[in-house]
2 protein chains.
Amino acid sequence: MKDIIKQEPTCEQELIAIKDSLEILGGKWKLRIMRHLNNHVAENNTFKKIQREVEGISAKMLSKELQDLETNLLVTRTVMNTRPVTVSYAITEYGTSVFPVTETLVQWGLNHREKIKV
Amino acid sequence: MKDIIKQEPTCEQELIAIKDSLEILGGKWKLRIMRHLNNHVAENNTFKKIQREVEGISAKMLSKELQDLETNLLVTRTVMNTRPVTVSYAITEYGTSVFPVTETLVQWGLNHREKIKV
DNA sequence: GTAACCGGTTACCTTTTGTTAACCGATGAT
DNA sequence: ATCATCGGTTAACAAAAGGTAACCGGTTAC
């Protein structure tokens, strides 16, 4: 007699959902990269450009994080036929679903900075 | 001639804000603990109870994470004069400001699970 | 007295994360 | 010919995060 109505998640399911999210988006860099790509969605985001603008990230980490994001279909990697060859990274349609997450983190971070200033 | 109007944060400021947030809320456990305390705000959240309900966390990690959260004024620790002594952890007023963050992560996690099921 | 529960701490270890520096082949600029 | 730029990879290493197990004092139940 189960209804088709979507059930509210239980508390346990919520904690599992957070765990799932953090497995894909957790760590120091992924959400920052996602936000950057979202903020520059119309541009040509080459490897070096991302590395310059996501402050502090090393080539090795950027390479690894972009691969992870590509694996989870959040980002695409496109080799451009320019000379010299450049590679362009772009957020996918699905990747834009991460926006609310980064947005709440931005807001919380700004608010927290205000708070501790006092 | 600066206006008092609140400025939109620049892209760089946004990335810094995310970094700030993750320094306080990042890692495997903090957001899960915060969500749990938020979901059980009316209850007596003892150490053991939290440990049972935030699945997989060890005493060591729970102890450390709760201390970190307390330091950042997101959680309070209260020793109850029960016998044997129990300790009750509660989310602070300020701690509830983290709710939007956990909420977007819950939603994203649930949605992602749906997506990869297909 | 013995065992179990509460709320942890400590030491030891592994895994993950991250850094630095060197190096690669290709292209383009001098 | 030489050097710089792009887009990385690799190796060696250090630091941070996390897990496991033993242990602590105190209390209560048997």
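Protein chains get the first letters and strands the later ones, always in sequence-line order, with residue 1 at the start of each.
- Nearest-nucleotide positions on DNA chain C place Phe47(B) closer to the 5' end than the other of Lys60(B) and Phe47(B).
- At distances below 3.5 Å, not a single donor-acceptor pair connects side-chain atoms of His36(A) with backbone N or O atoms of Arg32(A).
- Distance from the side chain of Trp29(B) is smallest for dG19(D) among the nucleotides dG8(C), dT19(C), dG19(D).
- Between the side chain of Ser63(A) and the main chain of Ala59(A), no donor-acceptor pair closer than 3.5 Å is present.
- Of the inter-residue distances, the one linking Leu74(A) atom CG with Ile33(A) atom CD1 reads 11.0 Å to the nearest 0.5 angstrom.
- Here the P atom of nucleotide dG18(D) and the CD1 atom of Ile57(B) are 9 Å apart, to the nearest Å.
- At the heavy-atom level, Gln51(A) lies nowhere under 4.0 Å from the strands shown.
- Counting only distance, with no hydrogens or angles, the side chain of Thr104(B) and the backbone of Pro100(B) share a donor-acceptor pair below 3.5 Å.
- At the phosphate of dT9(D), OP1 or OP2 sits under 4.0 Å from a side-chain N or O atom of Gln67(A).
- In this structure, the OH atom of Tyr89(B) is 8 Å from the P atom of dG7(C), given to the nearest Å.
- Nearest nucleotide to the side chain of Ser58(B), out of dT20(D), dC6(D), dG18(C): dT20(D).
- Using a 4.0 Å heavy-atom cutoff across all strands shown, Gly56(A) reaches sugar-phosphate atoms only and no base atom.
- The nearest heavy atom of DNA chain C to Val85(B) and to Glu65(A) marks one nucleotide each, and the one closer to the 5' end goes with Val85(B).
- Within the 4.0 Å cut-off from OP1 or OP2 of dT9(D), at least one side-chain nitrogen or oxygen of Ser63(A) is found.
- Rounded to whole Å, the distance from CD on Glu23(A) to P on dG18(D) is 13 Å.
- Lys49(A) has its NZ atom 18 Å from the P atom of dT5(D), to the nearest Å.
- Taking atom CG of Asp68(A) as the reference point, atom C1' of dG18(C) lies 14 Å away to the nearest angstrom.
- Here dG26(D) is the nucleotide among dT20(D), dG26(D), dT9(C) with the atom lying nearest to any side-chain atom of Pro84(B).
- Of the candidate nucleotides dC6(D), dG7(D), dT9(D), dG7(D) has the atom nearest to the side chain of Arg77(A).
- Leu66(A) has its CG atom 14 Å from the P atom of dG18(C), to the nearest Å.
- The interatomic distance linking Asn81(B) (CG) with dG7(C) (P) rounds to 14 Å, in whole Å.
- The main-chain N or O of Asn111(B) is never found under 3.5 Å from a side-chain atom of Glu114(B) such that the two would form a donor-acceptor pair.
- OP1 or OP2 of dG19(D) sits under 4.0 Å from a side-chain N or O of Lys28(B).
- Considering only side-chain atoms of Arg52(A), the nucleotide from dT9(C), dC6(D), dG18(D) that sits closest is dC6(D).
- Taking atom CE of residue Met61(B) and atom P of nucleotide dT15(C), one finds them 17 Å apart after rounding to whole Å.
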